[in-house]
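Some notes on the structure that comes next.
Values below: all heavy atoms of this structure, side chains included; hydrogens, waters and symmetry mates excluded. Quick caveat, the model's predicted, so the values are computed rather than measured.
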Amino acid sequence: MLAITKMYQELMDLIGVDEDDYELINPYKKDSDLKHVSDYYDYIIISKGYTKRVSNNTGANPDKIIEVSAVTIGSLINTLNNLKQLKIGNCQNIDESIDQLSELNTQIHADDEIKKLVDNFNSKNIIITNTSFIQKILDDLGLNNCKVNLEMIDEICRAGCLINLGNNTMDDLQKLVIVPDYDLDKIDELNLKDKFDSNLCILKTHDYDLELIERIENRYNQILEFIK
């Protein structure tokens, strides 16, 4: 029996695990009812970077906790390969899912319209962000970017900084800002909406009305629409 968080429920379809063979839990918050899970579940599948918290909250041995990532199509493919190596799921289903995702990934990165948009953007602009999560998407799309602390975004954009971007420095480029929606309180506190106006994109990161692959594509599309 597997335990998985709501965010990754569709992962079970991709690896061919039936509904009877997994349960949804929220291991990220302290709950006395979670203390039994280490005895009941074979593995707990969670977001990358939360093993220590989940182990503390559930009492589960870290060896039974599997971190997965679906920031980009490529990272989701890596996740499926890792699960296959651990013999979690059905190998045939996993291989079929990897083939489909690889085809989608190729389509995205071979799209001439996207390539042209990215090249035109990079010649005049750079995106400032505050999270590795968003930076991974920007890197995957091939967009100029720089990651700084949220509190430093305004200062960096006004003062600029030296960064190796071929023939350009950051001072030569227009600065656009992309920050995640889970930082809304801090965004308001720093008054970033007024300071950057149309040059600010608040990225909707986890839309549970969309399935897993749709969420990845939606994040790509939000960024591509923003830079047009």
From [X] atom [atom1] to [Y] atom [atom2], the distance as rounded to the nearest 0.5 Å:
| X | Y | atom1 | atom2 | value |
| --- | --- | --- | --- | --- |
| L190 | E151 | CG | CD | 6.0 Å |
| L138 | T72 | CG | OG1 | 11.5 Å |
| T129 | N145 | OG1 | CG | 8.0 Å |
| N82 | I77 | CG | CD1 | 12.0 Å |
| I45 | L11 | CD1 | CG | 6.0 Å |

Treating [X] as the side-chain partner and [Y] as the backbone partner, does any N or O pair qualify as donor plus acceptor under 3.5 Å?
| X | Y | result |
| --- | --- | --- |
| N218 | E214 | no |
| Y220 | I73 | yes |
| S55 | N61 | no |
| D18 | D20 | no |
| D42 | M1 | yes |
| N199 | Q174 | no |
| Q9 | L24 | no |
| K175 | L173 | yes |
| K64 | Y41 | yes |
| N105 | L101 | no |

Checklist entry - Among pairs that include at least one residue of residues 43-95, which meet ring pair (Phe, Tyr, Trp, His ring centres under 6.0 Å), considering only residues two or more places apart or in two chains? => result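 Of all non-adjacent pairs touching residues 43-95, those that pass ring pair (Phe, Tyr, Trp, His ring centres under 6.0 Å) are Y28-Y50.
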Kindly give the heavy-atom pair with the smallest separation between [X] and [Y], and that separation in Å.
| X | Y | answer |
| --- | --- | --- |
| I46 | I44 | CG2-CG2, 3.7 Å |
| N57 | P27 | ND2-O, 3.1 Å |
| S97 | L80 | CB-CD1, 3.8 Å |
| V118 | G142 | CG1-O, 3.4 Å |
| I94 | I88 | CD1-O, 3.4 Å |
| I15 | L83 | CG2-CD1, 4.0 Å |

Would a 4.5 Å heavy-atom cut-off, applied to side chains only, mark [X] and [Y] as touching?
| X | Y | value |
| --- | --- | --- |
| D13 | L212 | no |
| I178 | I223 | yes |
| V71 | D140 | no |
| I213 | L104 | yes |
| L200 | K193 | yes |
| I4 | V17 | no |
| L14 | T79 | no |
| E19 | M12 | no |

Item to check | Residues in side chain to side chain donor-acceptor pair (under 3.5 Å) contact with D95, at least two apart in sequence or another chain | outcome: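 Per chain and number, D95 pairs via side chain to side chain donor-acceptor pair (under 3.5 Å) with K84.
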Checklist entry - Would you say F226 and L141 are hydrophobically clustered, going by side-chain heavy atoms of ILVMFWY under 4.5 Å? => result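 Same hydrophobic cluster.
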Item to check | Single-linkage hydrophobic cluster, 4.5 Å side-chain cutoff, I202 and L210 together | outcome: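 Not linked; separate clusters.
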Item to check | Trace of the side chain to side chain contact (heavy atoms under 4.5 Å, CB included) decision for T131 with Y182 | outcome: CA-CA 11 Å; T131 70; Y182 52 77; 3.6 Å; yes
Checklist entry - Does one side chain, of D111 or Q107, offer a donor that lies under 3.5 Å from an acceptor on the other? => result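 Q107 and D111 do not have a side-chain donor-acceptor pair below 3.5 Å.
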Item to check | Donor on one side chain, acceptor on other, N144 and N125, under 3.5 Å | outcome: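 There is no such pair (donor and acceptor under 3.5 Å, judged by atom type) between the side chains of N144 and N125.
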Item to check | Verdict with supporting geometry, L176 and C201, side chain to side chain contact (heavy atoms under 4.5 Å, CB included) | outcome: CA-CA 8 Å; L176 284 77; C201 171; over 6 Å; no
Checklist entry - Is the shortest distance from a Lys or Arg side-chain nitrogen in K116 or E113 to a carboxylate oxygen in the other one below 4.0 Å? => result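 So K116 does not pair with E113 through a salt bridge.
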Item to check | Test side-chain hydrogen bond (donor to acceptor under 3.5 Å, both in side chains) applied to Q100 and E96, step by step | outcome: CA-CA 6 Å; Q100 292 170 3; E96 290 173 356; 5.6 Å; no
Next on the checklist: Does K147 have more than 12 heavy atoms from other residues, nucleotides or ligands lying within 6.0 Å of its NZ?
Outcome noted: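 More than 12 within 6.0 Å, yes.
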Next on the checklist: Just checking K204: does its NZ atom have more than 12 heavy atoms from other residues, nucleotides or ligands closer to it than 6.0 angstrom?
Outcome noted: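 Atom NZ in K204 is not packed in, count stays at 12 or less.
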Checklist entry - Quick one: side chain to side chain contact (heavy atoms under 4.5 Å, CB included) partners of T106, sequence neighbours excluded? => result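 Checked T106 against side chain to side chain contact (heavy atoms under 4.5 Å, CB included); zero matches.
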Next on the checklist: Using side-chain hydrogen bond (donor to acceptor under 3.5 Å, both in side chains), reason through D139 and Q135 one step at a time and then give a plain yes or no.
Outcome noted: CA-CA 6 Å; D139 286 342; Q135 188 172 44; 4.9 Å; no
Checklist entry - Does the side chain to side chain contact (heavy atoms under 4.5 Å, CB included) test come out yes or no for S75 and K136, once each step is laid out? => result CA-CA 9 Å; S75 64; K136 288 175 182 175; over 6 Å; no
Next on the checklist: Show, in sequence, the C-alpha distance, side-chain angles and deciding distance for S69 and N78, and conclude whether the side chain to side chain contact (heavy atoms under 4.5 Å, CB included) test is met.
Outcome noted: CA-CA 8 Å; S69 174; N78 290 338; over 6 Å; no
